[in-house]
Amino acid sequence: MNINLRVWRQANANAQGKMVSYRVEGVSEDMSFLEMLDLLNEDLTVKGEEPVAFDHDCREGICGMCGVVINGAAHGRAASPVPTTTCQLHMRSFADNATIDVEPWRAGGFPVIKDLVVDRSAFDRIIQAGGFVSINAGSAVDANAMPVNKREADRAFDAATCIGCGACVAACPNGSAMLFTSAKITHLAMLPQGQPERMLRVKNMVGQHDAEGFGGCTNIGECAAVCPKQIPLDTIGQLNRDLIASLFSQDGK
Ligand code: SF4
Ligand code: FES
């Protein structure tokens with residue numbers, strides 16, 4: 001199949017960007033979207049032109065590095081109804097000779113570094129503000145030494161699957177990172193090890209979220225609709241309940 005691409009090109013953080021058209025020929029429908037970009041870059045390199053910069057690492061849907069906006073959708077729209085990561089989106093999801101727009105995440109908290117690469121270090125700073133336990137949790141213990149009921153264990157595991165890709169931010173009209181932040185908060189709030197710092201954690205992480213320039217949540221739900229790990233919207237409810245509780249708690253300082 002052959003593809004017509006319109007790709008956001010921006011030389012650096014301060015340069016003015018623009019969409020540039022390319023034709024990519026000989027694309028296999030079994031290629032991932034990133035492999036199709038590899039093909040484009042091989043062609044550009046042979047021609048002596050600057051290849052398109054884009055982020056990636058695992059190419060297995062687990063590291064969260066690869067997000068771009070494809071035809072207006074964070075990570076694009078796969079043929080299957082389940083959202084996926086850009087690296088797991090395959091070219092069979094597109095028609096032959098399709099025209100595809102490729103842009104970086106667009107959000108105040110994710111400034112563009114070059115072409116399709118954005119700076120997502122704001123997520124690291126939100127984690128540094130509280131996404132950890134500082135008690136000594138010891139070495140691995142017998143599974144039944146610290147019972148956690150099934151419902152809470154499942155919620156903790158589900159929330160912990162967030163890969164920090166940032167699609168939730170890119171999809172949100174407010175540029176909010178509440179789904180990401182709430183996934184981390186819910187993960188630790190469900191477990192005994194997360195209790196000592198629970199109130200301080202939510203205050204600090206939400207404070208850092210706001211300081212990074214992410215917008216507020218107004219319950220639109222676009223974030224959960226594009227999340228490749230299907231983090232549910234009710235994690236934001238958990239965050240809000242904990243945040244309100246922290247206002248009345250001594251532990252929230
Ligand atoms: S909540 Fe989902 S969309 Fe947002 S960073 Fe985590 S995995 Fe990505
Ligand atoms: S490259 Fe790791 S999730 Fe896509």
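On a predicted model such as this, the values are computed, not experimentally measured, just so you know. Start at 1 and go down the list; that is how both ligands and their atoms are numbered.
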Considering only protein heavy atoms, which is closest to [atom], and at what distance to one decimal place?
{"atom": "atom 1 (S) of ligand 2", "answer": "R59 N, 3.1 Å"}
{"atom": "atom 3 (S) of ligand 2", "answer": "G64 N, 3.2 Å"}
{"atom": "atom 2 (Fe) of ligand 1", "answer": "C227 SG, 2.3 Å"}
{"atom": "atom 7 (S) of ligand 1", "answer": "I163 N, 3.4 Å"}

Considering only heavy atoms of [X], which atoms of ligand 2 have at least one such atom less than 4.0 Å away?
{"X": "G61", "value": "3 (S)"}
{"X": "C58", "value": "1 (S), 2 (Fe), 3 (S)"}
{"X": "C63", "value": "1 (S), 2 (Fe), 3 (S)"}
{"X": "D57", "value": "1 (S)"}
{"X": "I62", "value": "3 (S)"}

Numbered atoms and elements of ligand 1 in range of [X], under 4.0 angstrom, heavy atoms:
{"X": "G166", "answer": "5 (S), 8 (Fe)"}
{"X": "C162", "answer": "1 (S), 5 (S), 6 (Fe), 7 (S)"}
{"X": "G164", "answer": "5 (S), 6 (Fe)"}
{"X": "L179", "answer": "1 (S)"}

Looking at ligand 1, would A183 count as a contact under a 4.0 Å heavy-atom criterion?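 Checking ligand 1 against A183, which is what was asked, there is no heavy-atom contact under 4.0 Å.
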C168 and ligand 1 - part of the residue with a heavy-atom distance under 4.0 Å: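 Within the 4.0 Å criterion, C168 contacts ligand 1 through backbone and side-chain atoms alike.
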For atom 5 (S) of ligand 1, which of A74, A224, C165 has the closest heavy atom?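 Answer by nearest heavy atom: C165.
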Would T86 count as a contact residue for ligand 2, given that I'm defining contact as a non-hydrogen atom of the residue lying under 4.0 Å from a ligand atom?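 It does not; every heavy atom stays at 4.0 Å or beyond.
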Ignoring hydrogens and angles, tell me if any N or O in the side chain of D234 forms a donor-acceptor pair with the backbone of G237 under 3.5 Å.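 Looks like no, no N/O pair under 3.5 Å.
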Under 3.5 Å, side chain of N71 to main-chain N/O of V102, donor-acceptor pair present?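 Checked: no pair found.
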[X]-[Y] side chain donor-acceptor pair, cut-off 3.5 Å:
{"X": "R125", "Y": "Q128", "value": "no"}
{"X": "T86", "Y": "H75", "value": "yes"}
{"X": "N97", "Y": "R23", "value": "yes"}

Going through the distances and angles, do V202 and L239 end up as a side-chain contact (heavy atoms from CB on, under 4.5 Å)? CA-CA 7 Å; V202 67; L239 177 151; 4.2 Å; yes
Which angle, to 10 degrees, forms at atom 4 (Fe) of ligand 2 with SG of C66 on one side and SG of C87 on the other?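 Taking atom 4 (Fe) of ligand 2 as the apex, I get 110° for this pair.
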Counting only heavy atoms not in [X] (residues, nucleotides, ligands), do more than 12 fall under 6.0 Å from its [atom1]?
{"X": "R59", "atom1": "CZ", "value": "yes"}
{"X": "F157", "atom1": "CZ", "value": "no"}
{"X": "R106", "atom1": "CZ", "value": "yes"}

Are K114 and E50 close enough for a salt bridge, meaning some N to O gap below 4.0 Å?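 Counted as a salt bridge, because a side-chain N and a carboxylate O are separated by less than 4.0 Å.
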Verify side-chain contact (heavy atoms from CB on, under 4.5 Å) between W105 and R120, making sure each step is shown before the conclusion. CA-CA 10 Å; W105 286 166; R120 290 183 298 122; 4.1 Å; yes
Do L44 and V52 pass the side-chain contact (heavy atoms from CB on, under 4.5 Å) test, and can you show the C-alpha distance, the side-chain angles, and the key distance before you say yes or no? CA-CA 8 Å; L44 291 176; V52 176; 4.0 Å; yes
Within H56, is some N, O or S atom less than 2.8 Å away from atom 2 (Fe) of ligand 2?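 No.
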